[in-house]
*Asks:* 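Okay, handing you the structure first.
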Amino acid sequence: MTINWAEIENKWRTKWQEGSDFETDPNEKPKKFITVAYPYPNSPQHIGHGRTYTLADVHARFYRMKGYNVLFPMGFHYTGTPVLGMAKRIAAGEKEIMDGLRNTYHVPEDAIKTFVEPVKIADYFHKEIKSGMIEMGYSIDWRREFTTIVPGYQKFIEWQISTLKERGRIIQGSHPVGWCPVDQNPVSQHDTIGDVEPKIDEKNFLIKFRLGEFVFPITTLRPETIFGITNLWANPNTVYKKVTVDNEIWLVSAECAKKISFFEKEVTEIGEIPGSDIIGRHATNHDGQEIPVLPADFVEPDMGTGLVMSVPSHAPKDYQALMDLKAKNHELASRIEPISIIVTKGHGLIPAKDIVEKMAISGQTDGRLEEATKELYLKEFADGRLNEKCGRFSGEKVQFGRDKIRAWLQEDGILEKFPVLENGPVRCRCGAKCVVKVLNDQWFLNYGDKGWKGLARDCLDEMSILPNNIRTEFDEVIDWLHERACARQQGLGTRLPWDGDWIVESLSDSVIYMAYYTLSRFVNDGTVTPDNLTKEFFDYVFLDKGDAELAASTSRLSGDVISTVKREFTYFYPVDSRHSGRDLVQNHLSFFVLNHVAIFAKSLWPQEIVVNGSVMMEGSKMSKSMGNIIPLRAAIKDHGADPIRLAIISSAELLQDADFNIESVSGIQSKLESLLEECSRLKNSEIGRLHAEDMWVLSKTQGRIHEITEAVEKMRLREALHGILYAFGTDLSWYTKRVTAKSRDGSDGVLAILHKINSVRVAMLSPFAPHIAEEMWERLENTGMVSKSAWPKYDASKVDASSIQAEELLKNTIDDIGNIAKVTGATPKKIVLYVSSDEFKSTVYRKVLGIMVGGQNNMGVVMKELIADPKTTDAKKNPEFVQKTVRDLHSESETIKEMRLKVESFDEKEFLKSELSDIAKKEFGVGVKVYSESDTDIYDPKGKARYARPFKPAILIE
RNA sequence: GCGGGAGUCGCCCAGCCCGGUCAAAGGCGUAGGGCUUAGGACCCUAUCUCUUAGGAGUUCGUGGGUUCAAAUCCCACCUCCCGCACCA
């Protein structure tokens, strides 16, 4: 049977829609509020995006069937800058982006024409993504949909950010950004030629020396080496500038003067001085020592200030330059000896010397000096310790001492930050070379605050995090998180209420918006207008602050409306589960926690976070350049929504990267096809007298329900799906084998049992593959819709331990017969079984079983306990039996052992006699004779009977 | 460098938290068989090595250690992946 996926999926989607099945209002049932990070609509969603949403949808559908009132909403994140850059590029008609839109995304020409306006891009892909979500069968309450630039949402964000400010969570400070001096704008990845992210190195510092009336600034990555300084370097071929910087006069290269003019400093050039004029003079350092300035060609005017301090012990370049001068008998240089300040295991007193000599560096222009510098830098940073030359920092590890020295110099006003572009030159799309600009009035969320971090940890400690092994990552993130800029100067979004120059940054306006879902329904239907959304209204509804009257008077809403909105929020909040990809752990998910604890009462803190890995495409990463991005809607068209849902879920555990490949999709398709076929031929009817295999399969089903439910609850969906699709199949095929061997024709309840079990199976499949499950449910002639049916409930009382034991015995026995037949290579002509009937063996067996269920597996201990008990003390006469029994039980699962202990008595002979014959005839072509060990008429020509053990009959094959 | 994670039987991927149920699930691939005019799909069987009695041997990145017992715990090492921010 080939399934027309589109047709079936459409059929059921329409029914869900007609019934408004996913529109959720508060009611008397317990609720679950499941949310997933909303998408940024600058491209169609692909299979990778589909994963997070699908997982959340399965979660939502599962809880719905478990009887919860589930709210699963969706919004669209318009905030941000990427569409701005796109619009610019489209306006310029850039080939690359146009080709992408036309050929990869298949956007119609007349739509592309509108894309010069950023919002139109977002609008277009918003619609596109939403259609995809509907086609995937996501059970979303669309009445609550919004974008982050609608007035209602903006009111909400204004309230959020004001509240944070009131509570002291927002501070102002300076911050370096990549900057285009022509456009007068910050640049991000989307604004640069080649899409390079401008990386800013903030570990670079400027240290001030004095040379007469001038400040003589140098820059360094290693402030601690100030103790090892022997001289300074200037380039004799550079003409330096005299510039006033605020109220000092600095000597720097022309390039440097330009750079610092972007550091919020007042910079004016007042003259110049050739490098050669500086050389030979002396500057003073932080403690008043005179340091000579020497000439060096390697000093580049574009690096730092164009002036350099020299630490020949630990900087290979400095060492080499000094050697070059000594070789020329330079008078000052000849008196200079390196000063060693860092001790590193495995290195000599002057490591720079060692490394220069080891690499046979030829001179200060030797390119390999970079490499030598890097190597030594890393080594000393990781393993080095400051020595006694470093005063009170003596004995510190370099990596910690450096920060302390930096802070100390900074306090004295000798050191300041000198951020540089790490990956420069970076060019803006306009062609200009980008610089680092320090913004002095930037707004920050003060995530570095200890108290705030503490609250976040409290929240995380009580939260369920799935899978739990990502918890440590959250702890780490909270630890290293510090101030984060929460406003920017361009892009779509909401303006800061107190400073209209700034727009709330996009990762800051998406942290507590789940609360807005409870309100957006009323905004969307006009009950509440954006004008009504006053501070007092939000305070009252979300924080229970103030009172209803105040909220009503300021918002000009009726008390009824306000209490309805408040009830809605109170009913659905807190968020019960937040789903997101693992790339958002470091930012969004952590900010989500931090902002919740900053704003809401503890009872409203989020309950759970679910993190999933990404999706690979046929084993390799999805990327534009590789052209292996499959838009979700195209995939739905080609393969059907349900097969895609299952393929994404079944290919990996939650946190693992899932691999999407066509083979697994078609494998799943055919699995679903055969399941549908099976459902079509099963009809509900009376279940008659139960046979052994009936009791077994029904018991087994209970076990499956138990396992699968537990797996879904922990979001181990791959495992759950495996159970539904395959483990059930294994049970049923054994059942079918048994039934066929017995020639039962189905009228005596077999079909009814199959119907019952498959109904359970289809119900559990429903959250995963909702469309086809509805179809199966209908074919099974069950009433109503499966998505509205109850999740199958595990009932321990329906588990018949002895029938499970019995069937295990049967299977094991058949396996053993098969094994023997295989090893001997002979076709059995006669099969004889001997079951244990020895009272003593049985007593020992049960005793051993009891010991082992308690967790003990040691042969010695078992034996000791047996001997200690007078009833079994004779076991010592037959240690081989005990040994084998222990080994038998070893290879049984814990549950089987427990069940076996529960079953008081079980007649192996009777059971095997009645059940084994038919199936053995089918498997091996001959019937089976069963004797008890103690039978008088026993046929035992080879004396095998005495090897019989409980649940392990002896076997004779002739 | 800092932080997180991974290395499993041809491939992909479970198992590791909580040691014995592990020669280690499942999928793919491969081989044989069934079905079919044929192919595809589907179903069955096999798939580390040896073995004429249900057995034995050697495996889970490498090397040590703990233990009666290690894929699982501890230590060291090797290799690989991801993040390091103002960007969604």
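Residue numbering restarts at 1 for every chain, and letters A, B, ... go by the order of the sequence lines. All values derive from a computational prediction rather than experimental measurement.
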*Asks:* So His722(A) and Glu707(A), side-chain contact (heavy atoms from CB on, under 4.5 Å) or not? Walk me through it.
*Replies:* CA-CA 11 Å; His722(A) 182 264; Glu707(A) 292 159 15; over 6 Å; no

*Asks:* What is the nucleic acid contact for Thr81(A), judged by heavy atoms within less than 4.0 Å: base, sugar-phosphate only, or nothing?
*Replies:* sugar-phosphate

*Asks:* Applying side-chain contact (heavy atoms from CB on, under 4.5 Å), run through Phe474(A) and Val611(A) and close with a yes or a no.
*Replies:* CA-CA 11 Å; Phe474(A) 276 99; Val611(A) 181; 4.3 Å; yes

*Asks:* Which residue lies toward the 5' end of RNA chain B, Asn587(A) or Glu719(A), if each is placed at its nearest nucleotide?
*Replies:*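 The 5'-side residue here is Glu719(A).
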
*Asks:* Using both distances under 3.5 Å as the test, list the Watson-Crick or G-U wobble partner of G1(B), or none.
*Replies:*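 Per the H-bond distance test, C84(B).
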
*Asks:* For Ser666(A) and Thr813(A), find the nucleotide of RNA chain B closest to each by heavy atoms; which residue's nucleotide sits nearer the 5' end?
*Replies:*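 This one resolves to Ser666(A).
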
*Asks:* Need one value for Asn819(A): base, sugar-phosphate or nothing, where a base atom within 4.0 Å counts as base even if backbone is also close, heavy atoms only.
*Replies:*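 Result for Asn819(A) = sugar-phosphate.
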
*Asks:* For the C1' atoms, the ones on C44(B) and on U49(B), what distance do you get once it is rounded to whole angstrom?
*Replies:*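 To the nearest whole Å, 26 Å.
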
*Asks:* Got a salt bridge between Glu473(A) and Arg582(A), using NZ or NE/NH1/NH2 to carboxylate O under 4.0 Å?
*Replies:*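 Answer for the salt bridge query: yes.
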
*Asks:* In the structure shown, which nucleotide is the Watson-Crick or G-U wobble counterpart of G57(B), with both distances under 3.5 Å?
*Replies:*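 Answer to the pairing question: C48(B), which forms a Watson-Crick or G-U pair with G57(B).
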
*Asks:* From C-beta outward on Ile957(A), which listed nucleotide comes closest to its side chain: C87(B), A53(B), C13(B)?
*Replies:* A53(B)

*Asks:* Do Phe444(A) and Cys486(A) come within less than 4.5 Å of each other through their side chains, counting heavy atoms only?
*Replies:* no

*Asks:* Without decimals, in angstroms, what is the distance between Leu732(A) CG and C43(B) C1'?
*Replies:* 15 Å

*Asks:* Using the P atom in both, what is the distance from G1(B) to C50(B), to the nearest Å?
*Replies:*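 Pairwise P distance, G1(B) against C50(B), rounds to 46 Å.
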
*Asks:* Would you mind classifying the nucleic acid contact of Ala487(A) as base, sugar-phosphate or nothing, using non-hydrogen atoms under 4.0 angstrom?
*Replies:* nothing

*Asks:* If the P atom of C28(B) is compared with that of C43(B), how far apart are they to the nearest Å?
*Replies:* 9 Å

*Asks:* Would you classify His175(A) as touching base, sugar-phosphate or nothing, given that sugar-phosphate means primed atoms plus P, OP1 and OP2, and contacts are heavy atoms under 4.0 Å?
*Replies:*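 Since a base atom lies under 4.0 Å of His175(A), the category is base.
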
*Asks:* Contact class for Pro176(A) (heavy atom, under 4.0 Å): base, sugar-phosphate, or nothing?
*Replies:* nothing

*Asks:* What string of B, S and - do you get for nucleotides 3-9 of chain B, 5' to 3', if B is base contact, S is sugar-phosphate-only contact and - is no contact with any protein heavy atom under 4.0 Å?
*Replies:* SSS----

*Asks:* Less than 6.0 Å separating the ring centroids of Tyr447(A) and Phe591(A)?
*Replies:* yes

*Asks:* Taking OP1 and OP2 of A41(B), is either one under 4.0 Å from a side-chain nitrogen or oxygen of Ser670(A)?
*Replies:*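 So the side-chain polar atoms of Ser670(A) never come under 4.0 Å of the phosphate oxygens OP1 or OP2 of A41(B).
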
*Asks:* Categorize Thr79(A) for me: base, sugar-phosphate, or nothing, with a 4.0 angstrom heavy-atom threshold over every strand shown.
*Replies:* sugar-phosphate

*Asks:* Report yes if the side chains of Ile121(A) and Pro82(A) come closer than 4.5 Å at any heavy-atom pair, otherwise no.
*Replies:* no

*Asks:* Between A14(B), A53(B), C87(B), which nucleotide has the shortest distance from any of its atoms to the side chain of Pro82(A)?
*Replies:* C87(B)

*Asks:* Please classify the nucleic acid contact of Gln442(A) as base, sugar-phosphate, or nothing, using heavy-atom distances under 4.0 Å.
*Replies:*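 It contacts nothing in the nucleic acid.
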
*Asks:* I would like to know whether Asp583(A) and His588(A) meet side chain to side chain donor-acceptor pair (under 3.5 Å); could you show each step before the answer?
*Replies:* CA-CA 9 Å; Asp583(A) 50 332; His588(A) 169 261; over 6 Å; no

*Asks:* Heavy atoms under 4.0 Å, any strand shown: does Ile817(A) hit a base, just sugar-phosphate, or nothing?
*Replies:* nothing

*Asks:* Out of A88(B), C13(B), A14(B), which nucleotide sits closest to the side chain of Glu653(A)?
*Replies:* A14(B)

*Asks:* Quick one: Glu505(A) CD to C86(B) P, roughly how many Å, whole number?
*Replies:* 9 Å

*Asks:* Calculate the interatomic distance between Leu589(A) atom CG and G83(B) atom P; express it in whole Å.
*Replies:*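 Interatomic distance, CG of Leu589(A) to P of G83(B): 16 Å.
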
*Asks:* Can you tell me how far P in A14(B) sits from the matching atom in C9(B), rounded to whole Å?
*Replies:*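 To the nearest whole Å, 13 Å.
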
*Asks:* Counting side-chain heavy atoms from CB outward, which of G54(B), C86(B), A88(B) is closest to Ala485(A)?
*Replies:*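 Closest nucleotide to the Ala485(A) side chain: C86(B).
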
*Asks:* Give the rounded distance in Å between these two atoms: CG of Leu584(A) and C1' of C82(B).
*Replies:* 14 Å

*Asks:* Just wondering, do Phe951(A) and Asn812(A) contact through their side chains at under 4.5 Å, heavy atoms?
*Replies:* no

*Asks:* When you measure from the side chain of Lys952(A), which nucleotide among U45(B), G54(B), A88(B) comes out closest?
*Replies:*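 Looking only at heavy atoms from C-beta outward on Lys952(A), the closest nucleotide is G54(B).
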
*Asks:* Just how far, in rounded Å, is C1' of C43(B) from CD of Glu677(A)?
*Replies:*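 Glu677(A) atom CD is separated from C43(B) atom C1' by 12 Å.
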
*Asks:* For the pair made of CG in Leu725(A) and P in A25(B), what is the distance, rounded to whole Å?
*Replies:* 19 Å

*Asks:* Could Glu505(A) and Arg488(A) be called an ion pair, given the rule that one side-chain N must be under 4.0 Å from one carboxylate O?
*Replies:* no

*Asks:* Tyr38(A) and ring pair (Phe, Tyr, Trp, His ring centres under 6.0 Å): which single residue from Tyr513(A), Phe76(A), Tyr78(A) fits?
*Replies:*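 With Tyr38(A) as partner, ring pair (Phe, Tyr, Trp, His ring centres under 6.0 Å) holds for just one option, Tyr513(A).
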
*Asks:* Across all strands, who's sitting opposite A71(B) as a Watson-Crick or G-U wobble pair, both distances under 3.5 Å?
*Replies:*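 When the pairing criteria are applied, nothing turns out to pair with A71(B), so the answer is none.
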
*Asks:* Could you let me know what U66(B) is paired to, Watson-Crick or G-U wobble, both distances under 3.5 Å, or none if it's on its own?
*Replies:* none

*Asks:* Provide, to the nearest angstrom, the distance between the CD atom belonging to Glu808(A) and the P atom belonging to U21(B).
*Replies:* 16 Å

*Asks:* Atom OH of Tyr834(A) to atom P of A53(B): distance rounded to whole Å?
*Replies:* 17 Å

*Asks:* Could you list all N or O pairs between the protein and nucleotides 27-30 of chain B that sit under 3.5 Å apart?
*Replies:*
unit_1: C28(B); atom_1: O2'; unit_2: Glu663(A); atom_2: OE1; d: 3.3

*Asks:* Is Tyr153(A) close to Ile157(A) at the side-chain level, that is, under 4.5 Å between some pair of heavy atoms?
*Replies:* yes

*Asks:* Has the side chain of Arg484(A) got a donor or acceptor atom that lies under 3.5 Å from a matching backbone atom of Leu507(A)?
*Replies:* no

*Asks:* Return the pairing partner of A24(B) with a 3.5 Å limit on both distances, Watson-Crick or G-U wobble; otherwise return none.
*Replies:*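 Checking every strand shown, A24(B) finds no partner, since no pair has both distances under 3.5 Å.
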
*Asks:* In whole Å, measure the gap between the C1' atoms of C68(B) and G55(B) for me.
*Replies:*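 Those two atoms are separated by 23 Å.
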
